[in-house]
Amino acid sequence: MKKLLLALIGILALTVSKAQNKDEKKKPDYSKIDLSNRANDHLMIQYGYDGWSGTPDTINPSGFSRHFNFYLMYDKPFKTNPHYSLGIGLGFGSSNIFFKNTYINLKSLTPQLPFTNVSSTNHFDKFKLTTSFIEAPVEFRFSGNPVTPDKGIKAALGLKAGFLLKAYTKAKNEVNASGNSLYGKNYIMKEVEKHYINTTRIAVTGRIGYGFISIDGSYQLTSFLKSGAGPTINPWSLGLTLSGL
């Protein structure tokens, strides 16, 4: 994931460098153009794959773990060069991490969060850990077409800070060691508890695309678990951003 973010930074730097060279040849008079009502990613919806780095072999994420994020953004173009702008917003982010043959006991009273291998005993066929955050993203943005950004290349680097709203596990279809269902495939168990989870998170973000669609990535700088509650796990994500307005 670090390599991905470095690649996004490199692409952004190359894009900015080319744009600067082009601007030096011909600089339009942006003071005569009204950009106050331009559409430049005031709404962002993100969906994609989630992963954890730093997990030991005893933790077994599996399947298509995924996120869904929704942000409302304020975009402030730079007066000297509206190719660049600052985006500040507020929104909601959620992550669903799926596991195979693993039971996570959020309600445990032990100092560390237990991740138990249950492959040789009764276990759930589907098991996920869900977290939801209220988030405040900040982006340094570049737009190849500052007058109509939805018709040009876009790139952004930033940070987002989040506060944990809820954490829970959801399990479905308990089976025995042979894989036979015990209570029917619709049997569901849900446990809500967040005392092991770090209540704040800081992540570095990046995205690049054209028009209303971008490829985005993020890497969480803070650990997913509280200090002493388990290994240092740094969540990361890779997905698509749909933006506009």
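Values reported hereafter were calculated over all heavy atoms of this structure, with side chains retained and with hydrogens, waters and symmetry mates removed.
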Measure the shortest side-chain to side-chain distance between [X] and [Y] over non-hydrogen atoms and say whether it is less than 4.5 angstrom.
X    : Y    : answer
T205 : R207 : no
Y47  : L240 : no
F127 : L129 : no
F140 : Y84  : yes
L164 : K166 : no
T102 : I59  : no
D41  : E139 : no
F92  : L165 : yes

Hey, could you give me the [atom1]/[atom2] distance between [X] and [Y], rounded to the nearest 0.5 Å?
X    : Y    : atom1 : atom2 : answer
S143 : H83  : OG    : NE2   : 8.0 Å
H67  : S95  : NE2   : OG    : 8.5 Å
D125 : N180 : CG    : CG    : 11.5 Å
H123 : F99  : NE2   : CZ    : 15.0 Å
S108 : Y103 : OG    : OH    : 8.5 Å
K190 : K172 : NZ    : NZ    : 13.5 Å

Exercise. Output, in order, the C-alpha distance, side-chain angles, deciding distance and verdict of side chain to side chain contact (heavy atoms under 4.5 Å, CB included) for N105 and L113.
Key: CA-CA 7 Å; N105 187 2; L113 176 62; 5.5 Å; no

Exercise: identify the closest heavy-atom pair between [X] and [Y]:
X    : Y    : result
Y196 : P114 : OH-CD, 4.3 Å
M73  : P137 : SD-CG, 3.6 Å
K194 : A167 : CB-CB, 3.8 Å
D150 : G244 : OD2-CA, 4.3 Å
K154 : S243 : NZ-OG, 4.0 Å
S181 : N173 : OG-OD1, 2.8 Å

Practice problem: Could you check L225 against I197 for side chain to side chain contact (heavy atoms under 4.5 Å, CB included), going step by step and ending with a plain yes or no? | Solution: CA-CA 5 Å; L225 298 177; I197 314 299; 3.9 Å; yes

Would a hydrophobic clustering, with Ile, Leu, Val, Met, Phe, Trp and Tyr connected at side-chain separations under 4.5 Å, put [X] with [Y]?
X    : Y    : answer
F142 : V138 : yes
Y71  : I88  : no
F124 : V118 : yes
L182 : I188 : no
W236 : L221 : yes

Practice problem: Report yes or no: do T241 and D216 form a side-chain donor-acceptor pair below 3.5 Å? | Solution: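 Yes, D216 and T241 have a side-chain donor paired with an acceptor closer than 3.5 Å.
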
Examine distances only and state if a side-chain atom of [X] and a backbone atom of [Y] form a donor-acceptor pair shorter than 3.5 Å.
X    : Y    : answer
S94  : F68  : yes
S53  : N234 : yes
H42  : Y74  : no
E191 : E193 : no
T222 : I202 : yes
R201 : P235 : no
K151 : Y210 : no
N40  : P149 : no

Quiz prompt | With sequence neighbours excluded, residues passing side-chain hydrogen bond (donor to acceptor under 3.5 Å, both in side chains) with T200 | solution =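 T200 satisfies side-chain hydrogen bond (donor to acceptor under 3.5 Å, both in side chains) with no residue once adjacent residues are dropped.
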
Quiz item: Where do N198 and F224 land on the side chain to side chain contact (heavy atoms under 4.5 Å, CB included) test, with the steps shown first?
Solution: CA-CA 6 Å; N198 200 340; F224 177 74; over 6 Å; no

Quiz item: Should S218 and S237 be marked as a side chain to side chain donor-acceptor pair (under 3.5 Å) after you check the CA-CA gap, both sets of side-chain angles, and the distance that decides it?
Solution: CA-CA 5 Å; S218 73; S237 70; 2.6 Å; yes

Practice problem: Any pair with a residue in residues 143-184 that passes ring pair (Phe, Tyr, Trp, His ring centres under 6.0 Å), sequence neighbours left out, goes on the list, sorted by first then second residue, please. | Solution: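 Of all non-adjacent pairs touching residues 143-184, those that pass ring pair (Phe, Tyr, Trp, His ring centres under 6.0 Å) are Y183-Y187.
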
Quiz prompt | side chain to side chain donor-acceptor pair (under 3.5 Å) evaluation trace for S62 with N60 | solution = CA-CA 6 Å; S62 177; N60 188 28; 5.7 Å; no

How about [X]: does its [atom1] atom have over 12 heavy atoms from other parts shown lying under 6.0 Å from it?
X    : atom1 : answer
F115 : CZ    : yes
K170 : NZ    : no
K226 : NZ    : yes

Practice problem: For side chain to side chain contact (heavy atoms under 4.5 Å, CB included), just list the numbers for I97 and D50, CA-CA rounded to whole Å, side-chain angles, deciding distance to a tenth of an Å, and then say yes or no. | Solution: CA-CA 7 Å; I97 304 295; D50 278 7; 3.7 Å; yes

Quiz item: Can you name the one residue among D75, N145, T148 that meets side chain to side chain donor-acceptor pair (under 3.5 Å) with R38?
Solution: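 Checked D75, N145, T148 against R38; only one passes side chain to side chain donor-acceptor pair (under 3.5 Å): D75.
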
